[in-house]
Amino acid sequence: TLSAVRAAGAEALDDLLRFLVVEFYCRHRNVLPELDVKKATAVIHRTLRDGHVFVVEDEHGDIVGSLGLLKTDAAWFSGEQVLSDPWFYVLPSYRKGTRAAVDLLQAAIAVADEQRVRLSMAVVTAENVDLKHQFFRRHGFVHLGGVYERRVQ
C-alpha cells in the first residue's frame, strides 16, 4: 500500500538524499556523470527551500518515488520561466500496478497550472525511453529535442 502524494519539507533532506543516491544514482551510475554528494545535497536542499518536492511512500514510510520542481529559464535565449524537474524517479518495482508516477506527475502539473507556467520534464537515462515517451505524451506533453552524449574514448 502506498501513501498519497505529499509535499516534502526540509525534514526530508536526508531521506531524499539516500533515496536519490542509493536508488537512482547507484542503479544508473554506469551511464551517469560522477556523483558529487555535496552538490547533490545542495540541489536537494535548494529544491526543498525554493521549489516543490513531492514524495510517495510505502507502508513503512520509505520513499518509493519523488519528483522535485524548480523554476528556471525556459532556454538560453529566453527570460520566460518554466518549472523543470531536477529529478523524477519511481522505484522500478512501483512503476507497474501503482499510480505512483502518475500521481507525482499530476502534482507537478497542478503546481505548473497554478503558477501558469510551462512544465518541462527530462529523461536522463536511456532505460525504457519509449515507455517514458509514451507516459509523457499520454499526459499532454510534447517531445522537444533530446540529449546526445559522446563518451570519452
Side-chain angles (χ1 to χ4, degrees), residues 5 7-8 12-58 62-113 115 117-153:
V5 169
L13 177 64
D14 290 340
D15 290 338
L16 280 165
L17 183 63
R18 189 172 18 266
F19 172 72
L20 292 170
V21 169
V22 172
E23 299 298 347
F24 171 74
Y25 183 82
C26 288
R27 288 177 195 266
H28 301 286
R29 68 176 163 240
N30 59 325
V31 296
L32 294 174
E34 185 177 335
L35 176 64
D36 178 338
V37 174
K38 186 175 179 180
K39 181 175 183 182
T41 303
V43 169
I44 294 168
H45 182 266
R46 179 174 163 238
T47 307
L48 285 163
R49 185 190 66 220
D50 299 338
H52 302 272
V53 175
F54 299 103
V55 297
V56 174
E57 299 162 324
D58 66 12
D62 295 324
I63 297 172
V64 299
S66 180
L67 188 152
L69 294 172
L70 277 174
K71 203 171 262 191
T72 61
D73 287 339
W76 65 268
F77 54 83
S78 175
E80 182 182 337
Q81 296 282 285
V82 299
L83 281 176
S84 63
D85 67 316
W87 70 84
F88 179 18
Y89 186 69
V90 175
L91 290 176
S93 57
Y94 289 91
R95 291 180 190 164
K96 292 186 182 201
T98 77
R99 290 188 44 87
V102 171
D103 290 347
L104 287 166
L105 186 61
Q106 291 298 328
I109 290 169
V111 171
D113 288 353
Q115 294 185 13
V117 295
R118 296 176 195 227
L119 178 58
S120 178
M121 304 294 293
V123 175
V124 297
T125 69
E127 175 186 78
N128 300 318
V129 173
D130 291 338
L131 289 174
K132 292 172 185 174
H133 180 75
Q134 292 171 16
F135 173 78
F136 285 114
R137 295 280 308 228
R138 267 196 319 273
H139 294 281
F141 287 77
V142 175
H143 185 216
L144 297 174
V147 174
Y148 300 88
E149 181 174 270
R150 182 174 184 278
R151 303 251 169 96
V152 174
Q153 302 295 311

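Nothing fancy with the numbering, it's 1 onward along the sequence. Bear in mind that the values here come from a model prediction, so they are computed numbers and not experimental data. Heavy atoms only: backbone and side chains are in, while hydrogens, waters and symmetry mates are out.
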By the ring pair (Phe, Tyr, Trp, His ring centres under 6.0 Å) test, which pairs, at least two apart or in different chains, include something from residues 82-104? Phe19-Tyr89, Phe24-Tyr89
Under the rule for salt bridge (charged side-chain N to carboxylate O under 4.0 Å, His left out), what residues qualify as partners of Asp58, not counting sequence neighbours? none
Can you list everything that forms a side-chain contact (heavy atoms from CB on, under 4.5 Å) with Arg150? Sequence neighbours excluded, please. Gln153
With the threshold set at 4.0 Å, does a side-chain nitrogen-carboxylate oxygen contact exist between Glu80 and Lys71? no
CD-CD1 distance between Glu23 and Ile63, expressed to the nearest 0.5 angstrom: 10.0 Å
Quick one: list whatever passes salt bridge (charged side-chain N to carboxylate O under 4.0 Å, His left out) with Arg49, sequence neighbours left out. none
Neighbour count above 12 (heavy atom, 6.0 Å) for His28 NE2: yes
Assess, by modelled atom type and distance only, whether the side chains of His52 and Gln115 contain a donor and an acceptor separated by less than 3.5 Å. yes
What residues form a salt bridge (charged side-chain N to carboxylate O under 4.0 Å, His left out) with Arg137, not counting sequence neighbours? none
Do Leu104 and Ser66 touch side chain to side chain, with heavy atoms closer than 4.5 Å? no
Shortest non-hydrogen contact from Asp85 toward Ala122: OD1-N, 2.9 Å
Sidechain-backbone polar pair: Asn128 side chain, Leu131 backbone, donor-acceptor under 3.5 Å: no
Non-neighbouring partners of Asp103 that pass salt bridge (charged side-chain N to carboxylate O under 4.0 Å, His left out), sequence neighbours left out: Arg99
Is there a side-chain contact between Val55 and Val5 (heavy atoms, below 4.5 Å)? no
Which distance, rounded to the nearest 0.5 Å, do you find between the CZ of Arg27 and the CG of Leu32? 13.0 Å
Taking Phe141's backbone N and O only, do any of them form a donor-acceptor pair with His139's side chain (distance below 3.5 Å, no angle check)? no
Say whether, by atom type as modelled, one donor and one acceptor occur between the side chain of Arg95 and the main chain of Val90 under 3.5 angstrom. yes
Would you check if the side chain of Ser78 reaches a backbone N or O of Ala74 as a donor-acceptor pair within less than 3.5 Å? no
